Amino acid sequence: NNINMVKNMGKADKVIRIILAAIGLLLFSTQIIYGVIGIVIFILSIIFIITAILGFCPLYILFGIKTNKE
């Protein structure tokens, strides 16, 4: 199966992901959140940044969600 990476995220969705990622990275880097939970927050933050840059979220395909206005 070839998943076509059609952009399925709108601008507001991207901005929200970047803000959440920035907060997560800040909490992790200042060790407010640490340990296993800190690592999970760090990984989710990186995923949020990557998906925001690409404008594509694979989970949206599974749930039939599309937030862009094309």
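Values below: every heavy atom of this structure, side chains too, minus hydrogens, waters and symmetry copies. Residue numbers run from 1 in the order of the sequence given. Since the structure is predicted, the reported quantities are computational estimates derived from the model, not experimental observations.
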Check: Mind checking whether Ile43 and Leu26 sit in one hydrophobic cluster, side chains of I, L, V, M, F, W, Y counted as touching below 4.5 Å?
Finding: no

Checklist line | Shared hydrophobic cluster for Ile61 and Ile53 (ILVMFWY, side-chain gaps under 4.5 Å) | finding: yes

Check: Tell me, which pairs form a side-chain hydrogen bond (donor to acceptor under 3.5 Å, both in side chains) where one or both residues lie in residues 21-30, sequence neighbours left out?
Finding: none

Check: Transitively linked via ILVMFWY side-chain contacts under 4.5 Å: Ile39 with Ile33?
Finding: no

Notebook entry, point to check: Do you reckon Leu44 sits in the same ILVMFWY cluster as Ile65, going by side-chain contacts under 4.5 Å, direct or chained?
Noted result: no

Note to self: Starting from Met9, can I reach Phe63 by hopping between I/L/V/M/F/W/Y residues whose side chains sit under 4.5 Å apart?
What the structure shows: yes

Note to self: Tell me which pairs pass ring-ring contact (aromatic ring centres under 6.0 Å, His included) where either residue lies in residues 33-54, with sequence neighbours left out.
What the structure shows: Phe28-Phe42

Show every donor-acceptor pair shorter than 3.5 Å between a side-chain atom in residues 16-25 and any protein atom, with sequence neighbours excluded, or say none if there are none.
residue	atom	partner	partner atom	Å
Arg17	NE	Asp13	OD1	3.2
Arg17	NH1	Thr51	OG1	2.9
Arg17	NH2	Tyr60	OH	3.3

